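Accompanying notes for the structure given below.
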Amino acid sequence: MSDPVSDILIFGAGFGTRMAPLTNDTPKPLIRVANKALIDHAIGLANQAQLTCHVNAHYLAEQMRDHLSDDVTVHVECPDILDTGGGLKNALPHMAGDIVATLNSDAIWSEQNPLDILMSAWKPQMSGLLLTVPIDQTVGYSRSGNFEFTTDSQLLRSESGQVYTGAQLIRKEVVLAHSEPKFSLNTVWDKLIQTGGLYGVSYSGRWADVGTPAGIELAEDMLLANDV
């Protein structure tokens with residue numbers, strides 16, 4: 001890619017309500033899958049891609065601080081949670097470069113590092129690049145799709161399309177242009193769809209959504225099958 005990416009924000013500020021009762025006294029990113037906290041799976045991917053890690057936190061933030069190493073910058077959202085767009089906007093002044101990566105902490109991947117795929121696929125005309133996966137390659141996911149591809153890999157909204165995996169590259173300027181402190185990245189993506197700036201690339205492996213307690217075992221089974 002012609003535009004280097006050096007920093008990543010891993011989203012870790014949510015309440016994890018679908019993961020209750022496991023999240024009654026533990027933040028969702030610290031729930032363990034295959035004997036490793038979800039956040040550590042995500043940080044491992046970022047380290048493999050040689051990215052500097054930032055994590056946002058809100059619910060039980062002190063547990064997150066205590067768990068993470070000094071190499072990870074923690075951005076605590078207080079007093080209010082800022083949603084995905086606001087959380088990223090809050091962290092951007094501390095992140096280097098014009099383009100940053102983001103990654104959800106509640107997913108497990110079966111094959112190639114998703115961040116490597118994104119960085120290899122990035123082109124200068126892009127304002128945002130989302131990694132998607134076909135629904136039949138998801139594990140523990142029971143909702144509809146999110147996006148479909150045009151012939152030139154731009155994205156359009158579609159419930160019958162592919163699923164957004166929670167991994168993306170995005171230009172800082174399109175997030176900082178949003179005036180409100182609290183907002184969803186969906187609002188940024190919808191504006192980029194209107195201008196033709198939102199693109200996608202599809203993941204070839206299997207992807208596990210660890211959003212509920214049942215998803216933990218499904219993700220572990222996926223990893224075990226991948227190791228065989």
Side-chain angles (χ1 to χ4, degrees), residues 5 7-20 22-49 51-69 71-77 81-92 94-95 100-110 113-118 130-133 138-141 143 146 163-170 184-186 203 205-220 222-223:
V5 176
D7 285 35
I8 183 170
L9 177 66
I10 301 173
F11 289 113
F15 291 100
T17 52
R18 291 192 302 137
M19 190 65 85
L22 298 180
T23 49
N24 287 352
D25 54 11
T26 302
K28 183 179 178 180
L30 297 188
I31 299 298
R32 300 180 75 82
V33 174
N35 296 317
K36 182 188 295 186
L38 281 166
I39 193 70
D40 293 336
H41 285 277
I43 289 173
L45 294 172
N47 288 341
Q48 290 170 14
L51 297 177
T52 299
C53 285
H54 300 251
V55 172
N56 68 343
H58 176 77
Y59 175 61
L60 300 176
E62 285 308 308
Q63 288 189 37
M64 293 283 286
R65 281 190 183 278
D66 291 344
H67 178 83
L68 296 169
S69 72
D71 295 333
V72 178
T73 301
V74 182
H75 304 273
V76 177
E77 299 176 11
I81 196 169
L82 299 175
D83 208 336
T84 51
L88 177 56
K89 181 181 177 182
N90 180 61
L92 284 181
H94 309 279
M95 300 175 72
V100 296
T102 74
L103 188 65
N104 290 355
S105 59
D106 58 355
I108 298 292
W109 308 79
S110 68
N113 189 319
L115 301 169
D116 289 339
I117 295 172
L118 286 168
L130 309 187
L131 187 61
T132 65
V133 64
T138 66
V139 173
Y141 183 86
R143 289 161 285 170
N146 307 120
V163 176
Y164 172 57
T165 62
Q168 73 168 330
L169 300 182
I170 194 164
S184 170
L185 278 171
N186 281 292
Y203 189 64
R206 300 178 75 202
W207 168 87
D209 174 28
V210 191
T212 65
I216 297 173
E217 184 175 355
L218 293 172
E220 290 175 338
M222 182 191 76
L223 290 175

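Only a predicted model underlies this, so the values are computations on that prediction, with no experimental measurement involved. Excluded from the calculations below are hydrogen atoms, water molecules and symmetry mates; all remaining heavy atoms, backbone and side chain alike, are included.
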Task: Pairing residues for F11 by the ring pair (Phe, Tyr, Trp, His ring centres under 6.0 Å) criterion, not counting sequence neighbours - done: none
Task: Residue pair P27 / Y59: nearest heavy atoms and the distance that separates them - done: CB-O, 3.7 Å
Task: Worked verdict on M222 versus W207 for side-chain contact (heavy atoms from CB on, under 4.5 Å) - done: CA-CA 9 Å; M222 182 191 76; W207 168 87; 6.0 Å; no
Open item on the list: Any non-hydrogen side-chain atom of L103 less than 4.5 Å from a side-chain atom of Q168?
Closed with: no
Task: Heavy-atom pair of closest approach, residues V133 and G205 - done: CG2-O, 3.9 Å
Open item on the list: Between T52 and T73, is the side-chain contact (heavy atoms from CB on, under 4.5 Å) condition met? List the steps.
Closed with: CA-CA 9 Å; T52 299; T73 301; 5.7 Å; no
Task: Atom pair CG (L130) and CG (L169), whose distance is rounded to the nearest 0.5 Å - done: 9.0 Å
Task: Side chain E77, main chain L82, donor-acceptor under 3.5 Å - done: yes
Open item on the list: Show me the pairs that pass salt bridge (charged side-chain N to carboxylate O under 4.0 Å, His left out) and involve residues 58-67, at least two apart or across chains.
Closed with: E62-R65
TODO: Output every pair passing side chain to side chain donor-acceptor pair (under 3.5 Å) with a member in residues 25-38, not counting sequence neighbours, ordered by first then second residue.
DONE: K28-D106
TODO: For residues A101 and V5, report the shortest heavy-atom separation together with the two atoms involved.
DONE: N-CG1, 4.0 Å
- [ ] For residues I108 and L38, determine if any side-chain heavy atom of one lies less than 4.5 Å from a side-chain heavy atom of the other.
- [x] yes
- [ ] Indicate yes or no: at least one non-hydrogen side-chain atom of L68 is less than 4.5 angstrom from one of V55.
- [x] yes
Task: Which atom of C53 lies closest to which atom of I43, heavy atoms considered - done: SG-CG2, 4.2 Å
- [ ] Compare every heavy atom of M95 with every heavy atom of L9, then report the nearest pair and how far apart it is.
- [x] N-CE, 3.5 Å
- [ ] Supply the atom-to-atom distance I170 CD1 to L88 CG, rounded to the nearest 0.5 angstrom.
- [x] 6.5 Å
- [ ] Check whether any side-chain heavy atom of I216 sits under 4.5 Å from a side-chain heavy atom of I31, and report yes or no.
- [x] yes
Task: Test log, rule side-chain contact (heavy atoms from CB on, under 4.5 Å), inputs D209 and T138 - done: CA-CA 7 Å; D209 174 28; T138 66; over 6 Å; no
- [ ] Take I8 and H54 through the test side-chain contact (heavy atoms from CB on, under 4.5 Å) and record every step on the way to the result.
- [x] CA-CA 6 Å; I8 183 170; H54 300 251; 6.0 Å; no
Task: Closest non-hydrogen atom pair between M64 and G12, with its separation - done: CE-O, 3.9 Å
- [ ] Could you tell me whether a side-chain N or O of T84 sits under 3.5 Å from a main-chain N or O of L185, the two making a donor and an acceptor?
- [x] yes
Open item on the list: Has N113 got a side-chain atom pairing as donor or acceptor with L115's backbone, closer than 3.5 angstrom?
Closed with: yes
Open item on the list: When you compare the side chain of V210 with that of E217, does any pair of heavy atoms fall below 4.5 Å?
Closed with: no
Task: Exam field: side chain D7 to backbone V100, donor-acceptor pair closer than 3.5 Å - done: no
- [ ] Indicate the ring-plane relationship of W109 and Y203, choosing parallel, tilted or perpendicular according to the 30° and 60° boundaries.
- [x] perpendicular
Task: Backbone of V33 reached by a side-chain donor or acceptor of H41 within 3.5 Å - done: yes
Open item on the list: Test your reading of the model: is there a side-chain donor-acceptor pair from T23 to the backbone of G16, 3.5 Å cut-off?
Closed with: yes
Open item on the list: For the residue pair D40 / H67, report whether a side-chain donor-acceptor contact shorter than 3.5 Å exists.
Closed with: yes
Task: ring pair (Phe, Tyr, Trp, His ring centres under 6.0 Å) between H75 and H94, intermediate numbers included - done: CA-CA 9 Å; H75 304 273; H94 309 279; 5.2 Å; yes
- [ ] First locate atom CG of L30, then atom CG of L60, and finally report the distance between them rounded to the nearest 0.5 Å.
- [x] 8.5 Å
Task: T165 (side chain) donor-acceptor with L131 (main chain) under 3.5 angstrom - done: yes
